[in-house]
Amino acid sequence: MSIKKISISLLFIMFAFCKMTAQQYVDPEYIKVTNERAAKIVTELALSNAETEKEVTAIIAQQYRNLSKIQDERDADIEKVKAGSLSKEKQNEKIDKLKKKADKLISKLHKSYIKQLGTQLNEDKIIEVKDGMTYGVLPITYAGYQDMLPNLTEAQKKYIYDALVEAREHAMDGGSSKEKHGWFGKYKGRINNYLSAQGYDLNKESADWHKRVEEREKNKSKK
């Protein structure tokens with residue numbers, strides 16, 4: 001092989017190595033943040049087994065990093081499209097494809113993640129992890145609906161709970177607090193529409209509920 005061909009080959013190898021290194025690089029500070037975030041969730045699980053705690057913490061932390069990688073690459077590609085010279089219509093088409101591609105990767109990652117958690121935790125503990133990743137919005141919101149509407153039927157309670165579970169599955173893959181809360185907001189809208197169709201005046205129910213909560217708090221402070 002000639003020196004020229006060897007030099008070109010080496011350049012290609014170096015380029016490929018640099019690209020691979022850049023793709024694999026993760027900011028040490030972000031690694032620290034994800035480890036701390038995961039550890040906080042695991043502490044709440046009260047597993048009483050140091051090895052299991054270590055394994056679960058690693059799984060959760062890696063999930064945060066894997067999600068971030070997909071979302072950051074998607075967002076970077078979208079910015080490139082927006083900065084390009086394509087028409088608005090073509091831009092929207094390309095952006096839509098990028099989002100769909102990322103959604104498929106996230107869906108696949110979600111399934112793999114739950115499967116990994118299942119090697120270390122039972123179903124109840126996995127649910128606790130999901131709540132930990134979504135700030136406990138599901139149990140808080142579900143309790144809130146039951147407190148506001150004490151006469152809910154079992155069928156109505158099931159609808160509300162199932163909708164919030166679906167919201168949580170999406171929210172736990174969200175890339176930010178805003179996105180996570182956004183998913184719950186979307187499903188709360190569906191729940192409210194359902195309850196309105198069931199005959200509830202939610203404006204009145206909400207106002208009455210807030211009065212009851214205020215009265216409750218006043219009575220607590222008097223004790």
Output for pair (Asn151 CG, Gln146 CD), nearest 0.5 Å, gives 12.0 Å

What residues form a side chain to side chain donor-acceptor pair (under 3.5 Å) with Tyr142, not counting sequence neighbours?
-> none

Enter the distance from Thr134:OG1 to His170:NE2 here, rounded to the nearest 0.5 Å.
-> 13.0 Å

Derivation of the side chain to side chain contact (heavy atoms under 4.5 Å, CB included) call for Arg74 and Gln71 = CA-CA 5 Å; Arg74 174 201 63 199; Gln71 291 156 351; 3.7 Å; yes

Report the C-alpha separation of Asp75 and Glu79 in whole Å, then their side-chain angles, then the decisive distance to 0.1 Å, and conclude whether the side chain to side chain contact (heavy atoms under 4.5 Å, CB included) test is met.
-> CA-CA 6 Å; Asp75 294 345; Glu79 287 305 311; 5.7 Å; no

Please table the atom pairs, donor to acceptor, closer than 3.5 Å between any side-chain atom in residues 92-109 and protein atoms at least two apart or in another chain.
from  : atom 1 : to     : atom 2 : distance (Å)
Asn92 : ND2    : Lys88  : O      : 3.3
Asp96 : OD2    : Lys100 : NZ     : 3.4

Smallest heavy-atom separation, Ala38 atom then Ala61 atom, equals CB-N, 3.6 Å

Cut-off 3.5 Å, no hydrogens considered: what does the side-chain donor-acceptor table look like for residues 174-185, sequence neighbours left out?
from   : atom 1 : to     : atom 2 : distance (Å)
Ser176 : OG     : Glu179 : N      : 3.1
Glu179 : OE1    : Gly175 : N      : 2.9
Lys180 : NZ     : Met133 : O      : 3.2
Lys180 : NZ     : Ala171 : O      : 3.3

Does one hydrophobic cluster hold both Trp209 and Leu195, with members joined at side-chain heavy-atom distances below 4.5 Å?
-> yes

Taking salt bridge (Lys or Arg N to Asp or Glu O under 4.0 Å) as the test, write out the residues that go with Lys158, two or more places apart.
-> Asp162

Closest approach of Met148 to Ser206 (non-hydrogen atoms, all atoms of both residues) | SD-CA, 3.7 Å

Taking C-beta and beyond as the side chain, do Tyr145 and Asn192 meet within less than 4.5 Å on heavy atoms?
-> yes

Return the set of residues passing salt bridge (Lys or Arg N to Asp or Glu O under 4.0 Å) with Arg168 (not counting sequence neighbours), or none when no residue passes.
-> Asp131

Can you sort out the partners of Gln156 under side chain to side chain donor-acceptor pair (under 3.5 Å), two or more places apart, ordered by chain and number?
-> Thr153, Gln198, Tyr200

Would you kindly confirm whether Ile126 and Val42 end up in one hydrophobic cluster when ILVMFWY residues are joined by side chain heavy atoms under 4.5 Å apart?
-> yes

Salt bridge (Lys or Arg N to Asp or Glu O under 4.0 Å) between Asp147 and Arg216, worked out = CA-CA 12 Å; Asp147 195 31; Arg216 213 181 287 162; 3.0 Å; yes

Across all chains, not counting sequence neighbours, the side chain to side chain donor-acceptor pair (under 3.5 Å) partners of Asn49 are Thr52

Hey, could you give me each pair passing salt bridge (charged side-chain N to carboxylate O under 4.0 Å, His left out) that has a residue in residues 202-211? Not counting sequence neighbours.
-> Lys204-Asp208

Any chance you could measure Arg37, atom CZ, to Tyr64, atom OH, to the nearest 0.5 Å?
-> 5.5 Å

Side chains of Leu152 and Ile160: does their closest heavy-atom pair fall under 4.5 Å?
-> yes

Verify, without hydrogens or angle tests, whether Ser221 (side chain) and Lys218 (backbone) share a donor-acceptor contact under 3.5 angstrom.
-> yes

All pairs passing salt bridge (charged side-chain N to carboxylate O under 4.0 Å, His left out) where residues 39-57 contributes a residue, at least two apart = none

ring-ring contact (aromatic ring centres under 6.0 Å, His included) contacts touching residues 86-113 (sequence neighbours left out) | none

Pair up each side-chain donor or acceptor in residues 117-125 with any protein partner under 3.5 Å, not counting sequence neighbours, and list the distances.
from   : atom 1 : to     : atom 2 : distance (Å)
Thr119 : OG1    : Gln116 : O      : 2.5
Asn122 : OD1    : Asp124 : N      : 3.2
Asn122 : OD1    : Lys125 : N      : 2.9
Lys125 : NZ     : Leu45  : O      : 2.6

Out of curiosity, Glu154 CD to Tyr161 OH, how far, rounded to the nearest 0.5 Å?
-> 13.5 Å

Given side chain to side chain contact (heavy atoms under 4.5 Å, CB included), test Val81 with Asp77 step by step and report yes or no.
-> CA-CA 6 Å; Val81 172; Asp77 288 340; 5.7 Å; no

Evaluate side chain to side chain contact (heavy atoms under 4.5 Å, CB included) for Gln63 paired with Thr34, printing each intermediate quantity in order.
-> CA-CA 9 Å; Gln63 176 69 359; Thr34 52; over 6 Å; no

Same apolar cluster: Leu149 and Ile191, side chain cutoff 4.5 Å | yes

For residues Arg65 and Asn35, determine if any side-chain heavy atom of one lies less than 4.5 Å from a side-chain heavy atom of the other.
-> yes

Are Ile127 and Leu47 linked, directly or through other ILVMFWY residues, by side chains that come within less than 4.5 angstrom of each other?
-> no

Mind checking side chain to side chain donor-acceptor pair (under 3.5 Å) for Thr141 and listing every partner two or more places apart, or none if nothing turns up?
-> none

Mind checking whether Glu217 and Lys220 have side chains closer than 4.5 Å, heavy atoms only?
-> yes

Closest approach of Tyr30 to Ser68 (non-hydrogen atoms, all atoms of both residues) = OH-CB, 3.3 Å

Tell me whether Met172 is reachable from Val165 by hopping between hydrophobic residues (I, L, V, M, F, W, Y) whose side-chain heavy atoms are closer than 4.5 Å.
-> no

What heavy-atom pair brings Gly84 and Gln91 nearest, and what distance separates the two atoms?
-> O-NE2, 3.8 Å

